[in-house]
Amino acid sequence: MRLATWNVNSIRTRADRVAAFLERHDVDVLAMQETKCRDDQFPEARFTALGYEVAHVGYSQWNGVSILSRVGLEDVTVGFPGQPCWGEDTSCEARALAATCAGVRVWSLYVPNGRTLADPHYTYKLEWLAALRGTAAGWLADDPAAQVALVGDWNIVPQDDDVWDMSVFSTSTHVSAPERAAFQAVVDAGYADLVRPHAPGPGVYTYWDYTQLRFPRREGMRIDFALGSPALAARVDGAFIDREERKGKGASDHAPVVVDLS
DNA sequence: ATGGCTTATCAAATAAGA
């Protein structure tokens, strides 16, 4: 089974690229982030025509997460237990969506950005990650053999060589010690990085800013990850980052991350 | 010294991204 995750930065703008990507790489399950639309605006027919079932949650032009699957899409869940909310709304943002696809519990996750170290959004980001860690640790405590994939845009740079120049980020989010600790806590809870062993750095990234010619200059960040429970990690045959998708007109600022499971 | 782009939105400036 081939599982991919991709922050598409608007599914309506990117639908053709996503469809081409699915076919080019023969993808079975695709988790997407930043669809930037409501459910009624999602171009569902574009993907059902290709044989995929579609799950999506989006409330506005912000956030939005989705899962496409051609190997089954069962028990769709919006949000994770304990997920913190943002702002004055009582409902949480559209940042987490799960479905069971061929026996794998797939979570499409869009971790809050944090904005700046002094912003309340940064606190929200850390609380969001801590809640996710607690809930995800519970799944493995209940069933150590669970096949769980936590995939998406984590908005964290775990290591110094996951960004082209650490000095540029000395006062920025994404590289701070609390964020890295929050990411590591999920790993320590039993969720391994499924991709890094097959796509080691340095200089291997999943995101390049649209500005400053960051992509042609190879100045990017590794912030999109596929983490997996032990039972899932044992099935990984290979993985890669599709850097080609960042090229050309109409590219998302993120590249897809692909994992092959036996 | 700084920003440079791209997306969405009651359509022109603003918010957000990382």
Side-chain angles (χ1 to χ4, degrees), chain A residues 5-18 32-43 56-66 85-89 92-96 108-129 151-180 182-183 201 203-225 241 243 245-257:
Chain A
T5 183
W6 192 6
N7 179 320
V8 295
N9 186 18
S10 169
I11 187 57
R12 286 177 288 174
T13 294
R14 222 71 63 200
D16 286 346
R17 274 214 181 230
V18 171
M32 292 186 284
Q33 301 81 40
E34 278 210 274
T35 57
K36 289 187 167 176
C37 67
R38 300 186 308 267
D39 290 349
D40 63 288
Q41 298 173 307
F42 190 95
H56 175 260
V57 60
Y59 304 120
S60 69
Q61 72 269 43
W62 308 122
N63 313 306
V65 284
S66 174
C85 299
W86 172 252
E88 297 179 359
D89 291 342
C92 291
E93 293 183 305
R95 294 181 178 274
S108 181
L109 303 171
Y110 179 43
V111 176
N113 172 290
R115 299 179 185 168
T116 68
L117 297 177
D119 197 294
H121 207 260
Y122 178 75
T123 306
Y124 168 55
K125 178 180 192 174
L126 295 177
E127 290 171 351
W128 202 95
L129 287 160
V151 307
D153 177 357
W154 290 76
N155 270 323
I156 295 171
V157 171
Q159 303 178 10
D160 287 357
D161 65 3
D162 289 332
V163 67
W164 85 96
D165 183 355
M166 271 297 290
S167 69
V168 174
F169 293 84
S170 58
T171 60
S172 301
T173 58
H174 293 62
V175 304
S176 74
E179 288 166 281
R180 286 181 171 181
F183 182 85
V204 175
Y205 309 126
T206 67
Y207 163 87
W208 299 260
D209 198 302
Y210 282 127
T211 69
Q212 312 279 347
L213 298 174
R214 291 298 186 214
F215 183 65
R217 289 178 177 171
R218 298 178 176 270
E219 297 173 344
M221 308 166 79
R222 191 199 287 244
I223 56 176
D224 299 88
F225 297 94
I241 296 160
R243 194 177 178 281
E245 267 302 340
R246 184 61 181 78
K247 296 180 178 177
K249 280 191 103 166
S252 168
D253 41 4
H254 295 251
V257 176

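A note on names: the letters A, B, ... follow the listed sequences, proteins ahead of strands, and every chain is numbered from 1. Keep in mind it's a predicted model, so treat the numbers as computed, not measured.
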Touch class at under 4.0 angstrom, heavy-atom based, for I223(A) against every strand present: sugar-phosphate
Closest nucleotide among dT9(B), dT7(B), dG17(B) to the Q61(A) side chain: dT9(B)
Phosphate OP1/OP2 of dG17(B): any N63(A) side-chain N/O under 4.0 Å: no
Same-atom distance (P) from dA1(B) to dA16(B), integer angstrom: 30 Å
dA8(B) OP1/OP2 closer than 4.0 Å to side-chain N/O of Y59(A): no
Any N9(A) side-chain N or O less than 4.0 Å from OP1/OP2 of dT6(B): no
Parallel, tilted or perpendicular, as decided by the 30° and 60° cut-offs, for the rings of F169(A) and W164(A): perpendicular
Under 3.5 Å donor-acceptor pair, N113(A) side-chain atoms to dA18(B) base atoms: yes
For atom CG of N7(A) and atom C1' of dT6(B), their distance in whole Å: 12 Å
Whether H121(A) and W86(A) hold their rings parallel, tilted or perpendicular, with breakpoints at 30° and 60°: perpendicular
Same-atom distance (P) from dG17(B) to dT2(B), integer angstrom: 23 Å
Separation of dA18(B) C1' from E219(A) CD (nearest whole Å): 15 Å
Whole-angstrom distance between dA12(B) and dT7(B), as gauged at atom C1': 15 Å
dA18(B) OP1/OP2 closer than 4.0 Å to side-chain N/O of Q33(A): no
For Y207(A), the option from I223(A), V163(A), V157(A) that meets side-chain contact (heavy atoms from CB on, under 4.5 Å): I223(A)
Sugar-phosphate, base or nothing in reach of D224(A), heavy atoms under 4.0 Å: nothing
5' precedence on DNA chain B between R14(A) and M221(A) (nearest-nucleotide basis): R14(A)
Presence of H254(A) side-chain N/O under 4.0 Å of dG17(B) phosphate oxygens OP1/OP2: no
S252(A) and E245(A): CA distance, side-chain angles, deciding distance, side chain to side chain donor-acceptor pair (under 3.5 Å) verdict: CA-CA 8 Å; S252(A) 168; E245(A) 267 302 340; over 6 Å; no
Nucleotide dT7(B), atom P - distance to CG of D253(A) in whole Å: 9 Å
W128(A) and Y110(A) aromatic centres sub-6.0 Å: no
Side-chain N,O (T13(A)) to OP1/OP2 (dT6(B)) below 4.0 Å: no
Residue R95(A), side-chain heavy atoms: nucleotide from dG17(B), dA8(B), dC5(B) that is nearest: dG17(B)
Atom-pair distance (CG on L117(A); C1' on dA18(B)), nearest Å: 12 Å
Whole-Å gap separating P (dT7(B)) and NZ (K249(A)): 11 Å
Atom pair distance, as rounded to whole Å: NE2 in H174(A) and C1' in dA16(B): 12 Å
Sugar-phosphate only, base, or nothing, as touched by F215(A) at under 4.0 Å among non-hydrogen atoms: nothing
Ring centroid separation H254(A) to W6(A) under 6.0 Å: no
Under-4.0 Å side-chain N/O to phosphate OP1/OP2 contact, R12(A) with dT7(B): no
Sugar-phosphate, base or nothing in reach of R214(A), heavy atoms under 4.0 Å: nothing
Side chain to side chain donor-acceptor pair (under 3.5 Å) assessment of K125(A) paired with N113(A): CA-CA 7 Å; K125(A) 178 180 192 174; N113(A) 172 290; 5.8 Å; no
Sugar-phosphate, base or nothing in reach of E179(A), heavy atoms under 4.0 Å: nothing
Under 4.0 angstrom between R115(A) side-chain N/O and dA18(B) OP1 or OP2: no
Touch class at under 4.0 angstrom, heavy-atom based, for Y207(A) against every strand present: sugar-phosphate
Separation of dA15(B) P from H121(A) NE2 (nearest whole Å): 15 Å
Q212(A) side chain, from C-beta outward: closest of dT7(B), dG4(B), dA18(B): dG4(B)
Any E93(A) side-chain heavy atom under 4.5 Å of Y59(A) side chain: no
Sugar-phosphate, base or nothing in reach of D119(A), heavy atoms under 4.0 Å: nothing
Options dA16(B), dA18(B), dT7(B), nucleotide nearest the side-chain atoms of Y110(A): dA18(B)
Integer-rounded Å distance: dG17(B) C1' and K125(A) NZ: 11 Å
Between dG4(B) and dA15(B) - P atom distance, rounded Å: 15 Å
Atom P, compared across dA18(B) and dT14(B): separation rounded to whole Å: 22 Å
K36(A) side-chain proximity, nearest of dA18(B), dT7(B), dC5(B): dT7(B)
